[in-house]
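Order of the sequence lines fixes the chain letters, A, B, ..., with proteins taken first and strands second; residue numbering starts at 1 for each chain.
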Protein chains: 2
Amino acid sequence: MSPRQGRQTPEADPPSAQPQRRATLKLVAESLGVSITTVSNAFSRPDQLSEALRERVLAEAARLGLSSPDAAARSLRLGRSASIGVMYTDRLSYAFSDPGAVLFLQGVSRVCEANGQQLVLIPSTSSADAAATAVGRSTIDGLIVYSVADDDPVLAAAIDRRMPLVLVDQPRIDSLPWIGVDDEKACRALAEHVVSLGHRRLAVIATEFDRDRAGGRATKARQEAITFSTTAARLRGYRAAVEKAGLSWQGVPVVEARENSEDNGYRLATALLRVKNRPTAILAMTDQLALGALRAAERRGFIVPDDVSIAGYDDIPAARVLTTVSQPHEEKGRRAAEQLLSLLAGRTSPPRHQELATTLRVRVTTGAPPRSE
Amino acid sequence: MSPRQGRQTPEADPPSAQPQRRATLKLVAESLGVSITTVSNAFSRPDQLSEALRERVLAEAARLGLSSPDAAARSLRLGRSASIGVMYTDRLSYAFSDPGAVLFLQGVSRVCEANGQQLVLIPSTSSADAAATAVGRSTIDGLIVYSVADDDPVLAAAIDRRMPLVLVDQPRIDSLPWIGVDDEKACRALAEHVVSLGHRRLAVIATEFDRDRAGGRATKARQEAITFSTTAARLRGYRAAVEKAGLSWQGVPVVEARENSEDNGYRLATALLRVKNRPTAILAMTDQLALGALRAAERRGFIVPDDVSIAGYDDIPAARVLTTVSQPHEEKGRRAAEQLLSLLAGRTSPPRHQELATTLRVRVTTGAPPRSE
DNA sequence: GTGAAAGCGCTAACAT
DNA sequence: ATGTTAGCGCTTTCAC
């Protein structure tokens, strides 16, 4: 038995004597014999009418099923919609399988609910047209662009639309607020740690290079054409450490995962570990890939870290054992939302480029390479 | 004076020659010397004009920074917004720390992106007024109500607004589409399994009872006033199994977690295991609570399942070892979104109450109780 | 304290 | 193939 059934009683909803006009301010006004303005004021400007009248209006509105003025009409008239959008790499649904993205969204939503803002998730599509449409068709006042390829048409569409924007995990653009971490520095520190343990043969499992996600072993040319800036930055970090140690970057296999998942890490690591002169350390660009690599190594009978060291990135809760880099996903989301809201409010913004700190977490999946090697 | 008064600050606009009119169809039309209709058609009805003209229009629109017709105006005119909302228990930001909810949202978003729909996450608040406002102020065509307390004002607001609705993990209402699982049956089967192993002293760690989340040990009276239907159903399931085995339900301590988190499970389980006549089996209503309980048991030096058995619910990836109940979170999300979209499209709906199957997963955290007991 | 009217930007009849 | 026009429902002057 439903608690709500009271509302479905015949009195509340008679067998449609009248054609059931949609509830609007006008309907309420007519039904009450007052003007539309008065009804509008009852909702939006309580000080403009007597308390008693306001009560009456609101009661009648509720009776007719109008809980508040129509949102679309209000947005049109006001030029604001009290909602902000978030645009994510490519398929939105992937965001929910990426722990970092989920934490980011949590941060954003926290600020939204504290400020009575709606949060609109904008689905992205492969086609440029459709992408522009997706942004254009959203009733939003501003947009957070999160981890989108540099050349993604959706980003271009958003900029074209001259919509207030905040960039996160994107290349910086001077005129736009930016939140992020120094991926390059963090990855260099991580790789330096690994190299300092004595490893000479490294391998990299990378996140997507570009919107094509070709996947697999990456030539030098492809490495230089990466359009996901985060991937590019992390790779530069690894490379800097490798070259600083006097090792050949050419000799480091770099494979691209088409999607950030444990299974992909497993598959790619399996291939990496199968070759004769296998790497003694694997640098994975996310913890999920690293967890897959861990599983692959163990499956092949290797002991981690004695036979092979593995490092990740993100410090997600599920990866307590991994040597990794910790970054404040949730805080990124909060800051991005705050920055956007303050931009929309026309407040003078705090420093527009906010770089957040990362921390290297050395744990049990990295150690010295095997003696024999 | 235009309603766009937001531009109050004169400095807001750079010292540009012309006052930088906002890009609209009208502006494009004037700039090109064609009618507004033509511009509108270029965007929305390509068959209504020559390809050449359409190209010209679109190019000019892009030049002026108009990527598509204004969303609010379009929604107002059309009466549709191409977006659907999701309403979640209480704080939206909690949803992102609940693995089941994240999977659910993933399912919803998958269907949204396949159908070019925006996904609006509606923040909820404690006050009834604010809640109604939140729903009312969203430009959405329909709403998925997911796991909200039976007496939540937001649910009432949505129903009042006569908005197309789909209920998920909620009490059924005859006239509304519903997606869910039989939590009671699943929990009964789970508890029967535990009881069949020989346990006589059980304890329950429950999810929230109501929007107050008092937390702690729950009297019989409080158990009967639960307004989160999922919690109530699971509890009924446990109880049925206990009573069927001839045990006293009164003797089973039931504690309420104020939030679904591992830490809460840890705390509550620690308290449960501290008493003299401690339970030999703990039934936790989610895997997260169960994982916390597992940690608590091990922390106290108990061997699981030899000293104490622990069962969860949900079968989340992080809980591979747990005896638990598997339920199709992502599919729930997909079905809910599909159902809502087909409702909005006016298509004849498939069976409106869809009950999805659950599976009991017996794994290593449950076993026979200790001999001595 | 209340009402009349203008118009936000758009789409769909109905012209032509 | 293109243009004219009437609202969609709302908020906000500006009168009273």
Quiz item: For the side chain of B:Pro69, counting heavy atoms from C-beta on, which of D:dT12, D:dG9, C:dC10 is nearest?
Solution: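 Nearest to the side chain of B:Pro69 among the choices is C:dC10.
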
For the pair made of [atom1] in [X] and [atom2] in [N], what is the distance, rounded to whole Å?
X        : N      : atom1 : atom2 : value
B:Leu76  : C:dC8  : CG    : C1'   : 9 Å
A:Phe43  : D:dT11 : CZ    : P     : 9 Å
B:Leu27  : C:dG9  : CG    : C1'   : 12 Å
B:Leu25  : D:dT2  : CG    : P     : 16 Å
B:Leu64  : C:dG9  : CG    : P     : 14 Å
A:Glu30  : D:dG9  : CD    : C1'   : 13 Å
A:Arg137 : C:dT11 : CZ    : C1'   : 12 Å

Between the protein and nucleotides 2-4 of chain C, which nitrogen or oxygen pairs come in under 3.5 angstrom?
{"residue": "C:dG3", "atom": "OP2", "partner": "A:Ser35", "partner atom": "N", "Å": "2.8"}
{"residue": "C:dG3", "atom": "OP2", "partner": "A:Ser35", "partner atom": "OG", "Å": "2.9"}
{"residue": "C:dG3", "atom": "OP2", "partner": "A:Thr38", "partner atom": "OG1", "Å": "2.6"}
{"residue": "C:dA4", "atom": "N6", "partner": "A:Thr37", "partner atom": "OG1", "Å": "2.8"}

Between [X] and [N], is there a side-chain N or O to OP1/OP2 distance below 4.0 Å?
X       : N      : result
B:Ser40 : C:dT11 : yes
A:Arg74 : D:dT11 : yes
A:Arg77 : C:dG9  : no

Quiz item: Checking salt bridge (Lys or Arg N to Asp or Glu O under 4.0 Å) against B:Asp70, which of B:Arg22, B:Lys26, B:Arg77 comes through?
Solution: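 For B:Asp70, the salt bridge (Lys or Arg N to Asp or Glu O under 4.0 Å) test succeeds with only one of B:Arg22, B:Lys26, B:Arg77, which is B:Arg22.
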
Quiz item: What does B:Leu78 touch in the nucleic acid at a heavy-atom separation under 4.0 angstrom: a base, only the sugar-phosphate, or nothing?
Solution: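 Result for B:Leu78 = sugar-phosphate.
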
Self-check item: Heavy-atom pair with the smallest gap, counting every atom of B:Val135 and B:Ile122
Solution: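 Reported closest heavy-atom pair: N-CG2, 4.4 Å.
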
Quiz item: What's the shortest heavy-atom distance between A:Tyr146 and A:Ala101, and which atoms?
Solution: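 Heavy-atom minimum between the residues: OH-CA, 3.7 Å.
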
Exercise. Please tell me if the side chains of B:Val168 and B:Ser147 come closer than 4.5 Å, counting only heavy atoms from C-beta onward.
Key: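 When only atoms from C-beta onward are counted, B:Ser147 and B:Val168 do not touch, as no gap falls below 4.5 Å.
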
